[in-house]
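Quick notes on the structure that follows.
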Amino acid sequence: MTRRLAGTALARSWDALNATARRTAVDELSGMLRALALHAWSPPADLADTLVARDGLHEGLDGMLGADITPLPTSRALALVDHGRALPHVDPGLMADAAQAIEEYRHLEPAVDDPSRHGVIHGDVHLEDLWWSGPGVGVLDLERVRFAPPLLDLQRLCERADGDVVNGTDRHSTILRRMETGYPEVFRTPDAAERMVLYSLAYTVRHLIVPPPAGQARPGAPAGPFAAPAAPARGRRPAGSGRTARGADDLLNR
């Protein structure tokens with residue numbers, strides 16, 4: 001579909017945009033996410049049931065990996081931890097640390113997949129899923145839509161902000177600071193920074209399991225496109241298992 005659209009992913013066009021265009025893109029994203037989260041729309045019962053069930057969610061490991069980019073509630077994340085401990089390409093000590101950290105933050109577990117508690121969120125907001133067409137920005141890839149707290153939609157942006165700090169850039173921290181002006185309610189979520197740690201832990205556990213090691217196949221791996229493990233990062237705790245990136249952390253702690 002994107003081959004037929006004028007424009008390009010915001011991830012690829014960001015550096016070429018001037019300050020006004022960048023503000024426009026972020027303000028439009030903030031407005032769309034805010035409208036999605038705060039609108040009083042209630043989906044028809046059959047649609048709500050479809051979103052709660054989601055294809056494959058209850059079909060074992062592959063279903064859990066494929067349904068959501070951030071496997072919550074925490075029971076799903078911990079099930080993936082248990083699976084990851086036994087994988088030859090994942091550091092079991094890393095998974096043990098992840099399980100301990102998830103349990104530490106479990107009291108902040110969000111209510112997910114409950115239409116009576118929250119509206120729908122996009123579920124996987126990052127700059128590759130935002131389409132810049134010149135006059136404005138659009139949101140792509142809605143296959144991760146689910147009922148969840150609005151703060152969860154900032155997880156990928158905060159995760160990318162962590163990477164920016166390592167790389168010496170501030171693209172995503174800049175975006176998050178601008179988003180606060182257009183979508184202040186989500187930044188005022190109680191215990192936002194601590195909740196984001198839990199969200200990032202769940203995301204990272206899945207990320208350690210999903211991508212296959214380059215050029216390697218795991219003997220006896222379960223069938224399915226999401227079964228291959230990631231290469232280990234020995235001696236390192238999962239990204240997000242401590243604090244979020246400095247720029248995001250400052251905003252979420254206000």
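Positions are given from 1, in the same order as the sequence printed here.
Take Asp82 and apply the salt bridge (charged side-chain N to carboxylate O under 4.0 Å, His left out) test, not counting sequence neighbours, and it matches Arg85. A search for salt bridge (charged side-chain N to carboxylate O under 4.0 Å, His left out) contacts involving Arg160 returns nothing, not counting sequence neighbours. With sequence neighbours left out, Asp141 forms a side chain to side chain contact (heavy atoms under 4.5 Å, CB included) with Asp129, Glu143. Asp124 meets the salt bridge (charged side-chain N to carboxylate O under 4.0 Å, His left out) test with Arg156; sequence neighbours excluded.
Contact record, Ala148 with Ile121: O-CG2, 3.3 Å, taken as the closest heavy-atom pair. Counting all heavy atoms, side chain and backbone alike, Arg34 lies closest to Gly182 at CD-O, 3.5 Å. Nearest heavy-atom pair, Ile102 versus Ala77, reported as atom, atom and distance to 0.1 Å: CD1-CB, 4.0 Å. Minimum heavy-atom separation, Ala192 to Phe187: CB-O, 4.5 Å. Here the closest non-hydrogen pair linking Phe147 and Ala48 is CE1-O, 3.8 Å. Taking each heavy atom of Met32 and Val137 in turn, the nearest pair found is CE-O, 3.6 Å.
Within the 4.5 Å cutoff, no side-chain heavy atoms of Leu130 are placed close to those of Leu140. The shortest side-chain heavy-atom distance between Val112 and Pro149 falls under the 4.5 Å cut-off. Between Tyr105 and Thr74 the shortest side-chain heavy-atom distance does not fall below 4.5 Å. Here the side chains of Trp131 and Val139 are not in contact, with every heavy-atom distance at 4.5 Å or above. Within the 4.5 Å cutoff, side-chain heavy atoms of Leu176 are placed close to those of Cys158. In this structure, Leu198 and Pro110 have side chains that are in contact, with non-hydrogen atoms separated by less than 4.5 Å.
Crowding of Arg106 atom CZ: a count of heavy atoms from other residues, nucleotides or ligands under 6.0 Å exceeding 12.
Using modelled atom types and a 3.5 Å distance limit, the side chains of Asp153 and His122 yield no donor-acceptor pair.
Here Asn167 contributes atom CG and Thr169 contributes atom OG1; the two are 5.5 Å apart, rounded to the nearest 0.5 Å. Here the CH2-CG distance, from Trp132 to Leu10, works out to 7.5 Å after rounding to the nearest 0.5 Å. Atom CG of Leu78 is separated from atom CD of Glu103 by 5.0 Å, given to the nearest 0.5 angstrom. Arg206 contributes atom CZ, which lies 12.0 Å from atom CG of Leu72 (distance to the nearest 0.5 angstrom). How far CZ of Arg22 is from OG1 of Thr24: 12.0 Å, rounded to the nearest 0.5 Å. The distance from atom OG1 of Thr70 to atom NE2 of His207, rounded to the nearest 0.5 Å, is 12.0 Å.
At distances below 3.5 Å, at least one donor-acceptor pair connects side-chain atoms of Arg195 with backbone N or O atoms of Pro190. Side-chain N or O atoms of Thr189 include one that pairs as donor or acceptor with a backbone N or O of Val186 at under 3.5 Å. Within the 3.5 Å criterion, the main-chain N or O of Ser173 finds no donor-acceptor partner in the side chain of Asp170.
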- Task: For side chain to side chain donor-acceptor pair (under 3.5 Å), just list the numbers for Asp114 and Ser116, CA-CA rounded to whole Å, side-chain angles, deciding distance to a tenth of an Å, and then say yes or no.
- Result: CA-CA 5 Å; Asp114 184 351; Ser116 70; 2.6 Å; yes
- Message: Would Val197 and Glu104 count as a side chain to side chain contact (heavy atoms under 4.5 Å, CB included) here? Give the steps.
- Response: CA-CA 10 Å; Val197 171; Glu104 180 182 348; over 6 Å; no
- Stepwise salt bridge (Lys or Arg N to Asp or Glu O under 4.0 Å) check, Asp113 with Arg146: CA-CA 6 Å; Asp113 304 327; Arg146 66 187 302 194; 3.4 Å; yes
- Determine, stepwise, if the pair Ser200 / Glu159 fulfils side chain to side chain donor-acceptor pair (under 3.5 Å). CA-CA 7 Å; Ser200 293; Glu159 176 256 334; over 6 Å; no
- In sequence, state the C-alpha distance, the side-chain angles, and the governing distance for Leu151 and Tyr199, and then conclude on side chain to side chain contact (heavy atoms under 4.5 Å, CB included). CA-CA 9 Å; Leu151 183 67; Tyr199 302 168; 3.9 Å; yes
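Using a 4.0 Å cut-off between a side-chain N of Lys or Arg and a carboxylate O of Asp or Glu, Arg76 and Asp68 qualify as a salt bridge.
Members clustered with Ile69: Tyr203, by chain and number, using a 4.5 Å side-chain heavy-atom cutoff among hydrophobic residues.
Screening residues 8-18 for salt bridge (Lys or Arg N to Asp or Glu O under 4.0 Å), with sequence neighbours left out, gives Arg12-Glu128, Asp15-Arg171.
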